[in-house]
Engineer: 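A single structure is presented below for examination.
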Amino acid sequence: MVLTKLEKTAIGTICFLTGPVTLMENALVLGVIATSVVLRQKPSYLFIGSLALADFFASWFFTMSFLDFHLFHRSDGPTAYLFKLGGVTMAFSSSVGSLLLTALDRYLCIHQASSYKVLLTRQRALLSLLVLWSITIFISSWPLMGWRCPTDLSPPCSRLFPYISRGYLACWTTFILVLLALILVAYSLILWKAHRHESSMTSLQGAAGTGQARMRMDIRLARTFGLILLIL
């Protein structure tokens, strides 16, 4: 417990206010996608649904575990602590992984427009989500399966994550940074392709206006995701 009283009050207030709001927002997104037959058939919305599900879990696991530990001073044993932290790790990893799948989806839509629907079918999208969640659950369970701090609490390996091995922290951080790098590369390629296409459309007549409007929308979408990644 490394937070001061002022820090506990500030962060606790943020959790109390944003936790339920974020939970309901993501639940609303999941509800809209689940109740729409059209949206459920599109890989893009399956990836968005996966992102909403991951953020739903993150809102629940992080808010509850943080408030329970830092504000209500509940002291768990190693197994309970690692189980709760594994839920937070799984949610965050799946969220970043879903962002990567969304980026790859947009990349294929721009760079392989003619064969996009053949390359990325609903079945392949579901298979990719199954692989993603299986990997994140597996990685998040490593501390619970035994890869934990070898010294236990004498001394703890970390003040913030006392039961977690520094080797695992380094491995997981590297994994997340690789995912973020791949996302940035994908959206850089999308912006480059969209900009080239928009420039080439200026010399065309007739359908040029429609094409430019569509590409401008893709550029705005890519920039929006870029802003989200920058915040992340």
Side-chain angles (χ1 to χ4, degrees), residues 1-3 11 14-15 18-19 22-23 26-27 30 46-105 124-186 228-229 231-232:
M1 298 182 181
V2 298
L3 298 180
I11 300 179
I14 293 173
C15 286
T18 63
T22 308
L23 195 75
N26 288 288
L30 288 171
L46 293 178
F47 297 146
I48 292 175
S50 174
L51 177 62
L53 180 63
D55 290 344
F56 178 88
F57 286 146
S59 302
W60 176 263
F61 290 144
F62 178 79
T63 303
M64 294 302 297
S65 63
F66 183 89
L67 295 178
D68 199 29
F69 182 77
H70 287 287
L71 267 68
F72 303 133
H73 302 290
R74 178 184 177 87
S75 181
D76 294 315
T79 301
Y81 174 85
L82 292 173
F83 179 79
K84 291 180 178 179
L85 186 62
V88 176
T89 305
M90 177 205 69
F92 186 77
S93 303
S94 300
S95 179
V96 177
S98 298
L99 282 173
L100 175 60
L101 291 178
T102 304
L104 295 177
D105 170 67
R124 290 179 179 177
L126 290 173
L127 179 61
S128 64
L129 289 176
L130 177 62
V131 172
L132 167 67
W133 281 87
S134 298
I135 292 175
T136 55
I137 291 173
F138 178 65
I139 292 177
S140 302
S141 63
W142 285 351
L144 200 59
M145 292 190 295
W147 192 4
R148 60 183 67 181
C149 181
T151 61
D152 198 32
L153 295 180
S154 303
C157 291
S158 167
R159 294 181 66 196
L160 287 177
F161 308 104
Y163 294 109
I164 301 297
S165 166
R166 292 184 178 180
Y168 175 77
L169 284 175
C171 180
W172 181 77
T173 303
T174 302
F175 172 67
I176 294 298
L177 289 176
V178 169
L179 293 184
L180 290 174
L182 292 175
I183 293 171
L184 292 175
V185 169
I228 294 172
L229 290 173
I231 294 173
L232 180 61

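What's counted below: heavy atoms across the whole structure, side chains too, no hydrogens, waters or symmetry copies.
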Engineer: Determine the sole option in S141, S98, S94 for which the side-chain hydrogen bond (donor to acceptor under 3.5 Å, both in side chains) test with T136 is passed.
Structural biologist: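 Single pass found, and it is S94.
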
Engineer: Work out which heavy atom in T22 is nearest to a heavy atom in S59; give both atom names and the distance.
Structural biologist: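 So the two residues come closest at CG2-OG, 3.0 Å.
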
Engineer: Minimum heavy-atom separation for F47 to S128, with atom names?
Structural biologist: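 For F47 and S128, the tightest heavy-atom pair comes out as CE2-OG, 3.5 Å.
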
Engineer: Distance check, rounded to the nearest 0.5 Å: Y163 atom OH versus T79 atom OG1?
Structural biologist: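 The OH atom of Y163 sits 9.0 Å away from the OG1 atom of T79.
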
Engineer: In Å and rounded to the nearest 0.5 Å, what is the CD1 to CH2 distance from I139 to W147?
Structural biologist: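 Between I139 CD1 and W147 CH2, I get 10.0 Å after rounding to 0.5 Å.
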
Engineer: For the residue pair F92 and I176, what are the closest heavy atoms and their distance?
Structural biologist: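 Minimum heavy-atom separation between F92 and I176: CE2-CG2, 4.0 Å.
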
Engineer: Should L53 and N26 count as side-chain neighbours, where that means a heavy-atom distance under 4.5 Å?
Structural biologist: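 Contact flag for L53/N26 side chains = no.
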
Engineer: Where the side chain of S50 meets the backbone of L46, is there a donor-acceptor pair that is under 3.5 Å apart?
Structural biologist: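 Flag not set: sc S50 to bb L46 has no pair under 3.5 Å.
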
Engineer: Any chance you could measure L51, atom CG, to L129, atom CG, to the nearest 0.5 Å?
Structural biologist: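 If I round to the nearest 0.5 Å, the distance is 10.5 Å.
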
Engineer: Over 60° means perpendicular and under 30° means parallel, so tell me whether W142 and Y168 are parallel, tilted or perpendicular.
Structural biologist: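 Answer is perpendicular, since the angle exceeds 60°.
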
Engineer: Where do G19 and T63 come nearest, in terms of heavy atoms and distance?
Structural biologist: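 Minimum heavy-atom separation between G19 and T63: CA-OG1, 3.7 Å.
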
Engineer: Any heavy-atom pair between the side chains of C157 and P150 that's under 4.5 Å?
Structural biologist: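 Yes, their side chains come closer than 4.5 Å.
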
Engineer: Working to the nearest 0.5 Å, report the span between CG of L101 and CG of L182.
Structural biologist: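 Answer rounded to 0.5 Å: 11.0 Å.
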
Engineer: Shortest non-hydrogen contact from F56 to L23?
Structural biologist: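 For F56 versus L23, the nearest heavy atoms are O-CD1, 3.4 Å.
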
Engineer: Should we count CZ of F175 as having more than 12 external heavy atoms under 6.0 Å?
Structural biologist: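 Check passes, neighbour count above 12.
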
Engineer: Please walk me through it: do F57 and S95 pass side-chain contact (heavy atoms from CB on, under 4.5 Å)?
Structural biologist: CA-CA 10 Å; F57 286 146; S95 179; over 6 Å; no

Engineer: If you round to the nearest 0.5 Å, how far is CG of L184 from CG of L179?
Structural biologist: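 Reported to 0.5 Å precision, the distance equals 11.0 Å.
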
Engineer: Check I183 against A103 and note the closest heavy-atom contact, atom names and distance.
Structural biologist: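 In this case the closest contact between I183 and A103 is CG2-CB, 4.3 Å.
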
Engineer: Could you check if a side-chain atom of L130 sits within less than 4.5 angstrom of a side-chain atom of L126, using non-hydrogen atoms only?
Structural biologist: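 A side-chain contact is absent here, since even the closest heavy-atom pair is not under 4.5 Å.
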
Engineer: So, taking the atom named CG in L82 and the one named CD1 in I164, what distance separates them when rounded to the nearest 0.5 Å?
Structural biologist: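 It comes to 5.0 Å.
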
